[in-house]
Amino acid sequence: EVQLVESGGGLVQAGGSLRLSCVISGFTFDEYALGWFRQAPGKGREGVSVLSSDDGSTYYPPSVTGRFTISFDNAKNTVYLQMNNLEPNDTAVYYCAASTNPLSRLWLDLRDTEYAYWGQGTQVTVSS
């Protein structure tokens with residue numbers, strides 16, 4: 001059984017930093033895309049970063065470019081999201097997800113419908 005477990009969320013002041021972690025177990029695929037998504041109250045789910053197993057290439061939408069960094073530690077089976085210079089509108093529940101869809105991996109796809117495996121989420125709250 002594939003499990004993704006996030007941690008590292010919390011309350012931080014605007015301008016601060018947080019690092020989210022997601023431990024992945026039971027995932028035996030060699031080719032995949034790993035993504036971080038977020039969902040704010042009353043809004044749809046938004047992809048904020050994706051990493052491809054092909055060559056470690058990444059993609060970020062403009063809303064977080066330059067502030068967020070995704071990385072993966074193979075030895076620990078853990079994907080991270082380093083978030084710097086946080087803003088109040090970054091407040092949301094953050095989820096990690098995994099996709100075995102080749103197009104997600106090749107295109108660095110951030111459509112949540114392409115991700116079959118999800119964690120339970122961790123709350124990030126940024127105060128002004």
Side-chain angles (χ1 to χ4, degrees):
E1 179 188 4
V2 177
Q3 287 191 322
L4 290 78
V5 180
E6 302 99 333
S7 62
L11 173 64
V12 64
Q13 288 189 329
S17 299
L18 281 175
R19 188 177 79 156
L20 307 183
S21 301
C22 174
V23 178
I24 304 172
S25 60
F27 192 79
T28 59
F29 300 93
D30 293 328
E31 297 176 329
Y32 50 84
L34 299 175
W36 283 97
F37 295 78
R38 67 185 180 187
Q39 188 164 21
K43 296 187 177 180
R45 196 153 49 186
E46 173 193 18
V48 295
S49 62
V50 57
L51 180 148
S52 170
S53 65
D54 283 358
D55 55 2
S57 56
T58 58
Y59 171 76
Y60 307 89
S63 58
V64 305
T65 296
R67 301 189 299 122
F68 289 13
T69 303
I70 186 172
S71 61
F72 183 54
D73 185 331
N74 262 307
K76 296 182 179 180
N77 285 334
T78 300
V79 58
Y80 301 98
L81 184 67
Q82 177 67 44
M83 304 185 295
N84 297 328
N85 193 21
L86 283 161
E87 304 167 353
N89 58 9
D90 292 320
T91 295
V93 178
Y94 282 72
Y95 301 88
C96 65
S99 170
T100 57
N101 184 334
L103 296 182
S104 298
R105 172 172 53 84
L106 294 170
W107 292 353
L108 298 175
D109 196 337
L110 273 176
R111 291 175 296 171
D112 59 356
T113 52
E114 301 303 315
Y115 289 74
Y117 305 100
W118 290 84
Q120 83 288 350
T122 186
Q123 176 70 47
V124 172
T125 303
V126 185
S127 62
S128 56

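What you are looking at is a predicted structure, and each value in this text was computed from that prediction instead of being measured. Numbering of residues begins at 1 and proceeds along the displayed sequence. FYI, side chains are in, hydrogens and waters are out, and symmetry mates aren't considered; it's all heavy atoms of this structure.
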Checklist entry - Within the distance-only criterion (no hydrogens, no angle test), does the side chain of Ser53 pair as donor or acceptor with the backbone N or O of Tyr32 below 3.5 angstrom? => result yes
Next on the checklist: Does Trp118 have more than 12 heavy atoms from other residues, nucleotides or ligands lying within 6.0 Å of its CH2?
Outcome noted: yes
Checklist entry - Any link between Phe37 and Leu108 through a network of hydrophobic side chains (Ile, Leu, Val, Met, Phe, Trp, Tyr) touching at under 4.5 Å? => result yes
Checklist entry - From Gln82 CD over to Ser49 OG, what is the distance, rounded to the nearest 0.5 angstrom? => result 11.5 Å
Checklist entry - Angle class for the Phe68/Tyr94 ring planes (parallel below 30°, perpendicular above 60°, tilted otherwise)? => result tilted
Next on the checklist: Using 0.5 Å steps for rounding, measure from the CZ atom of Arg38 to the CG atom of Asn89.
Outcome noted: 6.5 Å
Item to check | Within one Ile-Leu-Val-Met-Phe-Trp-Tyr cluster: Leu51 and Met83, side-chain cutoff 4.5 Å | outcome: yes
Checklist entry - For the residue pair Phe29 and Tyr117, does the interplanar ring angle fall in the parallel (under 30°), tilted (30 to 60°) or perpendicular (over 60°) class? => result tilted
Item to check | Verify same cluster id: Leu4, Val48 (apolar side-chain graph, 4.5 Å) | outcome: yes
Next on the checklist: With rounding to the nearest 0.5 angstrom, report the CG to OG distance, Asn85 to Ser17.
Outcome noted: 7.5 Å
Checklist entry - Do side-chain atoms of Thr122 reach the backbone of Ser7 as a donor and acceptor pair under 3.5 angstrom? => result no
Checklist entry - Going hydrophobic residue to hydrophobic residue with side-chain gaps under 4.5 angstrom, can you get from Val93 over to Tyr80? => result no
Next on the checklist: Working to the nearest 0.5 angstrom, can you tell me the gap between Gln13 CD and Ser128 OG?
Outcome noted: 9.0 Å
Next on the checklist: Looking at Arg105, is its backbone amide N or carbonyl O close enough to the side chain of Ser52 to form a donor-acceptor pair, meaning the two atoms are under 3.5 Å apart?
Outcome noted: yes
Checklist entry - For residues Asn101 and Ser99, is any side-chain donor paired with an opposing acceptor at under 3.5 Å? => result no
Checklist entry - Same cluster for Leu81 and Leu86 if Ile/Leu/Val/Met/Phe/Trp/Tyr side chains link at under 4.5 Å? => result yes
Item to check | Any donor-acceptor N/O pair, Gln120 side chain to Glu6 backbone, under 3.5 Å | outcome: yes
